[in-house]
Amino acid sequence: MAALASSSSSLLFTSPSSKLPSPSLYPLPRLSLPTSSFLSSSLSTSPSSLSYPTASRRHSASSFTVRAAAAGKKKVLIVNTNSGGHAVIGFYFAKQLLGSGHEVTIFTVGDEGSDKMKKPPFNRFSEITSAGGKTVWGDPADVGTVVAGATFDVVLDNNGKDLDSVRPVIDWAKSAGAKQFLFISSAGIYKPTDQPPHVEGDVVKADAGHVGVEKYIAEVFSSWAIFRPQYMIGSGNNKDCEEWFFDRIVRNRPVPIPGSGMQLTNIAHVRDLSSMLTLAVEKSEAASSNIFNCVSDRAVTLDGMARLCAKAAGLPVEIVHYDPKAIGIDAKKAFPFRNMHFYAEPRAAKDILGWEGTTNLAEDLKERFEEYVKIGRDTKPMKFEIDDKILEALKVAVAV
Amino acid sequence: MAKLVVLQPTKQPPISLLSSSLSHFNGTKLCQIQYKRKVCQPKGALHVAASSTKKILIMGGTRFIGVFMSRLLVKEGHQVTLFTRGKAPVTQQLPGESDSDYSDFKSKILHLKGDRQDFEFVKSSLSAEGFDVVYDINGREAVEVEPILEALPNLEQFIYCSSAGVYLKSDILPHCEVDAVDPKSRHKGKLNTESLLEKSGVNWTSLRPVYIYGPLNYNPVEEWFFHRLKAGRPIPIPNSGVQITQLGHVKDLATAFVRVLGNEKASKQVFNISGDKYVTFDGLAKACAKAGGFPEPEIVHYNPKEFDFGKKKAFPFRDQHFFASVEKAKHVLGLKPEFDLVEGLTDSYNLDFGRGTYRKEADFSTDDMILNKTFALQS
C-alpha cells in the first residue's frame with residue numbers, strides 16, 4: 001500500500017486568501033539555494049529532508065537512507081545533454097546519488113572546453129567532483145571509449161531524442177553489462193487529449209522520436225524505466241522557465257499569455273525529478289518495465305504561474321491574453337510553454353515507487369526570485385520585441 | 001407529526017465485535033475474540049467486519065445515489081431503512097433491473113417516514129429504532145446532523161455525502177483532500193457538517209463527489225447535452241471551452257459508499273470520489289455525442305458577460321476549472337472507478353435519456369439568445 005494510508009483527518013479551514021496546499025500551514029525549512037554548498041550538504045542526507053514536514057500528504061520516508069544501503073551501492077553513468085531544459089536533471093540526479101553513497105560518472109555530450117560549459121549547471125560541476133563524482137566529455141556514439149572500459153550497473157540517457165542518438169548508448173550499455181537502463185523521454189509525446197491528465201499508458205504520438213527510443217530500450221533491456229518530464233525549475237537550470245515571467249514582472253511590463261490563460265501545465269522543482277530517478281535506481285525491481293511521468297503532483301494554469309511569480313517577487317502583475325493566430329505571432333517563439341493543456345500526473349511513480357512530490361511553487365518561486373535578483377538579472381537591460389509586437393496589436397500601453 | 005412506519009419487525013442489532021458497544025460487555029472472552037479476528041485479517045483485505053450485518057439508516061435514498069447504494073447494501077445482507085418524507089415512491093424499478101431483483105429489493109428495504117427538518121422527530125424516531133450506521137446523503141447543514149448524533153450515541157459510523165464544492169478555488173490543481181477549503185463557498189453547510197462530525201468524536205467518513213452522472217440523474221448534467229444533441233442543435237459553451245471539469249458515475253459513487261462501510265482505513269477520513277480522468281467542456285460535449293451515437297457536435301463559444309440570462313442557467317457547470325484527485329481513494333481503499341467517461345455516459349444514455357426518459361424539459365431559450373447574437377454578428 002502506498003504512503004497515503006497514514007493520513008490523519010484533514011479538514012483544513014484557512015482564510016480565503018490562502019490558496020496553498022497544506023504545506024503552507026507548517027513551518028518550512030528555508031532552503032538557501034544559491035550557495036553551492038547547500039546542494040551537496042543537504043543531499044547527503046535522505047531526500048526526505050528536502051520535503052516539507054507535513055503529516056497528511058507527505059509520507060515521511062525516514063527509511064530512505066536505509067533503503068539506499070539495502071539496495072546496495074550502484075555505479076551509475078549519466079549521459080547528459082549539454083543544453084536545454086533537461087540538462088539540470090542530470091546535475092541534481094548525480095548529486096543525489098553521490099549523497100546516497102553511489103558512484104557516479106556524468107558524461108556530458110560535446111567538449112569540456114566549449115562555450116556551452118560556461119553556463120549552468122555545467123559551470124557548477126565542481127559540486128559533482130568534490131562529492132566524489134567523475135565528469136567526462138565526448139560523443140555518445142563513442143561512450144565506451146570515453147569511459148575507458150569502466151563498467152556500470154545503471155546507465156541513464158538524459159540526452160537523445162531519437163533512436164539515432166540513443167541507440168549507440170543502449171547497445172554499448174548492454175554489451176558492457178549494465179543491468180538497468182533509464183531514459184529521460186518527454187511527456188510531450190502524449191497525444192493531445194480533451195480528457196486530461198496524461199497518464200502512463202495513454203496513447204503517444206507514433207512519429208515522436210522518443211517513442212522509437214522507448215521501444216528499443218524495452219527490446220534490449222529487461223530492467224528499464226522511462227521517465228517523461230514536462231517543465232522544471234531549480235538552481236542550475238540551463239533554460240529559462242520562471243525567468244520569463246520575472247523578466248516582465250520586475251520591469252513592470254504586461255505579461256502576454258496566449259489563449260485564455262486557463263491552460264494547465266506542470267512545472268516541477270527538479271529535486272522531485274531527481275528523487276524519482278533515485279527511487280528507480282534503488283527500487284530497480286519495482287521500477288522495471290515501467291513508464292513514469294516525471295512531473296510534480298500538481299498542475300498550474302498559465303495565468304496562475306504568472307500570479308505565483310508575481311507573488312514570489314512581491315510585485316503586481318498585469319496579464320494580457322492574445323490570440324497568436326489572429327495577430328500573426330508564432331506562439332512558440334513568443335511564450336515558453338505549450339499553448340494548450342499540457343498536463344501529466346505522476347501516478348505510476350506514486351503507485352509503484354511510493355514517490356512523493358515536494359514541489360510547492362509558491363515557496364520554490366520565492367527562492368528562484370531571490371537568486372534571480374542576486375545574479376542581477378532584474379536590472380539587466382533587455383529587449384522585448386515580440387512582446388511589443390503583441391501589445392501593439394492589442395493596443396496595450398507599456399510602462400516606459 | 002410524521003408516523004413511524006416499519007414494514008418488517010425490528011430485529012435486534014447483531015453483536016458487532018468491532019463496534020463501540022463492546023465497551024458494555026465485560027466478558028474478556030469477547031475481547032479476545034475481537035483481537036483474534038483482527039489479527040487473522042489478511043493485510044489489505046476488505047475487513048471481515050464489513051460482512052457482518054448492520055442495521056443501516058439512509059437519510060434520503062429514493063432519488064439518485066441512494067437508489068443504487070441501497071441496493072448494494074441490501075444485496076450485502078444489511079438491514080436498510082430509508083428516511084424520507086415519502087414524497088417520491090420509496091422504491092422504483094431501475095431501468096434494466098429484472099423483476100425478480102426488484103421484488104427482492106422491494107421486499108427487504110424499510111422505510112421510516114419523516115421530515116428530517118423536524119429535529120425532534122428525527123431524534124426520537126432514530127433513538128427508538130437504534131441504528132449501527134447512518135448514511136447521510138441528502139444533508140446540507142450541520143444542524144440537520146445534530147439530532148442524529150444525539151439519537152445514536154453508540155453509532156458505529158456516520159458516512160456523509162459531502163461535496164468537492166467545498167474546495168477553495170485555485171490556480172493549482174487538482175483539488176486534493178489536504179487542500180484548502182472555502183468557508184464561504186456555496187457548500188459551506190457541507191463543510192460545517194464535516195467539522196461537526198470531527199468535533200463530535202463519532203467515527204465518521206466523508207465522501208466528496210464532483211459532478212455525479214448516470215441514469216436517473218436529477219441534475220441536468222448529461223441530460224443538458226443530450227437534449228441539444230437530440231434536437232440537432234449546436235452546443236453553446238461559455239468562453240474557451242478548455243475549462244476542465246470531472247464527472248463521476250453514480251454507480252461508482254455507490255460502490256465507494258459501500259466500500260467505506262466498517263472500513264478502518266476510512267475512519268475519520270475524507271475522500272474525493274469521481275472519475276479517473278477529467279474532461280474539458282468541449283471534450284464533454286463530444287463525449288456525450290459519442291455516448292448517444294450522435295454525430296460530432298457543433299460547438300459555439302460565447303462570452304457570458306455579453307448576455308443577461310436572468311435567473312436561467314445557460315450552462316450546467318461552473319465556469320472554471322473544477323476537478324479533484326481520486327488517488328487517495330485508490331491507494332487507501334483500493335477504489336478504482338469502473339466507468340470511463342464515454343462508457344459511463346453510454347450507460348446513462350442507454351438506461352435513461354435514450355429510452356425517452358429525462359427529468360427536465362428541454363429549454364433552449366438561453367441557447368437562442370446566444371445563437372441569435374453569434375450568428376447575427378457573423379452575417
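Note that the structure is predicted; figures quoted are calculated from it, not measured. By convention in this document, chain letters (A, B, ...) are assigned in the order of the sequence lines, proteins followed by strands, and residues within each chain are numbered from 1.
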Students often mix this up, so state it plainly: with edges at 30° and 60°, are the rings of A:Y343 and B:Y278 parallel, tilted or perpendicular?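 Because their plane-to-plane angle is under 30°, the rings of A:Y343 and B:Y278 count as parallel.
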Work out which heavy atom in [X] is nearest to a heavy atom in [Y]; give both atom names and the distance.
X      : Y      : value
B:V242 : A:H341 : O-NE2, 2.6 Å
A:R298 : B:P174 : NH1-O, 3.4 Å
A:Q195 : B:V342 : NE2-CG2, 4.4 Å
B:H321 : A:M262 : NE2-O, 2.6 Å

Given a strict heavy-atom distance threshold of 4.5 Å, which part of A:S260 is in contact with chain B: side chain, backbone, both, or neither?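 Contact with chain B is through the side chain of A:S260 alone.
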Would you mind checking which part of A:D202 comes under 4.5 Å of any heavy atom in chain B, side chain (CB onward), backbone (N, CA, C, O), both or neither?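 Just its side chain gets close to chain B.
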Roughly how far, to the nearest 0.5 Å, is [atom2] of [Y] from [atom1] of [X]?
X      : Y      : atom1 : atom2 : result
B:S240 : A:H321 : OG    : NE2   : 9.5 Å
A:Q263 : B:T280 : CD    : OG1   : 12.5 Å
A:R347 : B:H331 : CZ    : NE2   : 9.5 Å
A:D297 : B:C176 : CG    : SG    : 6.5 Å

Among pairs that include at least one residue of residues 159-168 of chain B, which meet side chain to side chain donor-acceptor pair (under 3.5 Å), considering only residues two or more places apart or in two chains?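 Those involving residues 159-168 of chain B are B:Y160-B:T193, B:S162-B:E194, B:Y167-B:R208, B:Y167-B:N272.
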Step through the shown structure and confirm whether more than 12 heavy atoms of other residues, nucleotides or ligands are within 6.0 Å of CZ on B:R140.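 Count not over threshold, so no.
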A quick test of your reading: do over 12 heavy atoms of other residues, nucleotides or ligands sit less than 6.0 Å from NZ of A:K332?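 Atom NZ in A:K332 is not crowded, with 12 or fewer foreign heavy atoms closer than 6.0 Å.
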Quick one: what part of [X] sits under 4.5 Å from any heavy atom of chain A, side chain, backbone, both or neither?
X      : value
B:D276 : both
B:F281 : neither
B:Q246 : neither

Between B:D171 and A:K311, is the closest basic N to carboxylate O distance under 4.0 Å?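 Salt bridge between A:K311 and B:D171, a charged N being under 4.0 Å from a carboxylate O: no.
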Check the pair B:I172, A:L308 against side chain to side chain contact (heavy atoms under 4.5 Å, CB included), reporting the backbone distance first and the verdict last. CA-CA 10 Å; B:I172 294 174; A:L308 284 167; 3.9 Å; yes
Residues which pass salt bridge (Lys or Arg N to Asp or Glu O under 4.0 Å) with B:D136, listed by chain and number, not counting sequence neighbours: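 Checked B:D136 against salt bridge (Lys or Arg N to Asp or Glu O under 4.0 Å); matches are B:R116.
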